[in-house]
Asker: 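Structure below; questions to follow.
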Amino acid sequence: MDEVIRVEGLTKNFGPLQVLRGIDCSVSSSEVVCVIGPSGSGKSTFLRCLNGLEEASGGRVLVHGISVHDNSTDVDALRSEIGMVFQRFNLFPHMTVLDNITLAPTKVRGVPLEKAREQARALLVKVGLLDKIDAYPNQLSGGQQQRVAIARALAMQPAIMLFDEPTSALDPEMVGEVLSVMQTLAEEGMTMMVVSHEMGFARRVANRVLFMDEGVLVEEGTPEEVFDHPREERTRRFLASVL
Amino acid sequence: MEPILWFGWFRADIIAEYGVMFWRGLQMTILVTVICIVQGTALGLAIGLARLADARHSPARQICRYLLRWPSTVYVSFFRGTPLFVQILLIHFAVLPLFINPADGLLISGETARSLKQNYGAFISGILALTLNSGAYISEIFRAGIQSIDRGQIEASRSLGLSFARTMYHVVLPQAFRRMLPPLGNNAIALLKDSSLISAIGLAELAYTARTVAGAYSRYWEPYLSISLMYWTLTLGLAWAVKRLEARYGRGDTR
């Protein structure tokens, strides 16, 4: 299978604090990888290094073979291939749902506005929010905002989608609607990397689960391997505390 | 003209006699204010962005620091830390003659310089001083407005592949502008009032007109009360316009 992302010896320091201590992994096309681990373990930082929102301190990240943190890399072009969904949605509050979704395709890719709007409508159907097309983000619930954020990222037709704790800021009754959109995406063959505390989702949808603690990848395997037969003591302890 | 008395003490005929002059003064005050608002906003945006300039790698990092951030910080500090009145005098009597001078002007010299200085000297100096001064204040409004935008907005935009400039233009500045409208409105009102200081170097705007009239008749209530009402009307109009803008562009802001 095609390798979409390859991470080699990635390290990240914030001042004296070493957040990532040498991470190696790769994600293949159509794979769904869930990253779990205690808070402060570096999961989000790791994800943010993948599209260059954070500078790497050492090692490298290759997306389709192109190094993300190279000075000579056109990072904007690379990022347009990597969709990202944030914990706090980060929709643009001064734009309608439609404009949120069409902004990047029209400005970055030069897609004609009519075509971008057509595509936005199709994406809104997919996330079940066509009736909110002219709404502003502050008129939507958290779950709806997150679904729009997913549609916005998908509008660039990315090769991979990164989800940074997409349901952590949601009220419990809205978690399901977002997870079900993500599950549909996974079933359609989207390559995904998900940092999440939703163990049920990881077990159900992931092909592979990575357990991270204190800036290192402690353990990885299929959901069955990691959840049912963890090899490492640290994994066992973490799972015992969350399950 | 026969003296006309209002309420037994207000010599309305004086105002009527100098009606044309007051009208020209009012026009000049409005002209100076509008020019300085436009130029000050453009300058303020540039300085505000310069104060925020940063880059990850050298040499861009050093360029941002020494050629953009430091000079702009000193600039803002100077123009906010010294009186506008002094700035006007300094620019009119010291800086401008350096550049526009019949003998050896750095920018313009000879006969052109002489007539320019005579006809437009106070106008040029006044506009320059007021623009530079308001640019410093407005840059702080821009800086605060831009910094008030949640980092997540920038990250979301950049992660969609939008460049830094496009992110500024489509995502950050439109949101920042909404928040900047009230302080920008206050600044415009301050600018309108501060334009009266330019009368000190002889620009024939409202305050200068009042002084002329006061000098001619040795009467002070009439001219100064009249221009006070004119300034008051103008500032009320400005405040109303800002309120309208706020109502119009306030949609979609979560705060």
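All values below come from the heavy atoms of this structure, side chains included, with hydrogens, waters and symmetry mates left out. Note on naming: letters A, B, ... go to the chains in the order of the sequence lines (proteins, then strands), and numbering restarts at 1 for each one.
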Asker: What part of B:R158 is in contact with chain A, defined as an atom under 4.5 angstrom from a non-hydrogen atom: side chain, backbone, both or neither?
Answerer: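 Answer is both: backbone and side chain atoms of B:R158 are under 4.5 Å from chain A.
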Asker: Would you please classify the geometry between the B:F79 ring and the B:Y75 ring as parallel, tilted or perpendicular, with 30° and 60° separating the classes?
Answerer: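 The arrangement is tilted - the two ring planes meet at 30° to 60°.
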Asker: Would you mind telling me which of A:Q139, A:R152, A:E55 has the largest number of heavy-atom pairs within less than 4.5 Å of chain B?
Answerer: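 Option with the greatest count: A:E55.
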Asker: In terms of heavy-atom proximity below 4.5 Å to chain B, should A:F86 be classed as side chain, backbone, both, or neither?
Answerer: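 When you check distances to chain B, only side chain atoms of A:F86 fall under 4.5 Å.
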Asker: Verify salt bridge (Lys or Arg N to Asp or Glu O under 4.0 Å) between A:R109 and A:E81, making sure each step is shown before the conclusion.
Answerer: CA-CA 11 Å; A:R109 291 268 164 76; A:E81 305 283 330; 3.7 Å; yes
Asker: Of the backbone (N, CA, C, O) and the side chain (C-beta and beyond), which part of A:L91 lies under 4.5 Å from a heavy atom of chain B, both, or neither?
Answerer: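 Backbone only.
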Asker: Which atoms of A:N71 are under 4.5 Å from chain B, going by heavy atoms: the side chain, the backbone, both sets, or neither?
Answerer: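 Just the side chain, heavy atoms under 4.5 Å.
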Asker: For the side chain of A:S30 and the backbone of A:G189, is there at least one donor-acceptor N/O pair under 3.5 Å apart?
Answerer: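 Answer holds: yes.
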Asker: Would you please name every residue forming a salt bridge (Lys or Arg N to Asp or Glu O under 4.0 Å) with B:D54, sequence neighbours left out?
Answerer: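 Checked B:D54 against salt bridge (Lys or Arg N to Asp or Glu O under 4.0 Å); matches are B:R69.
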Asker: Can you find a pair of side-chain heavy atoms, one from B:I227 and one from B:Y231, that are under 4.5 Å apart?
Answerer: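 Result yes, sub-4.5 Å side-chain heavy-atom pair found.
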Asker: Please state whether the side chain, the backbone, both or neither of A:L53 comes within less than 4.5 Å of a heavy atom of chain B.
Answerer: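 A:L53 touches chain B through backbone and side-chain heavy atoms alike.
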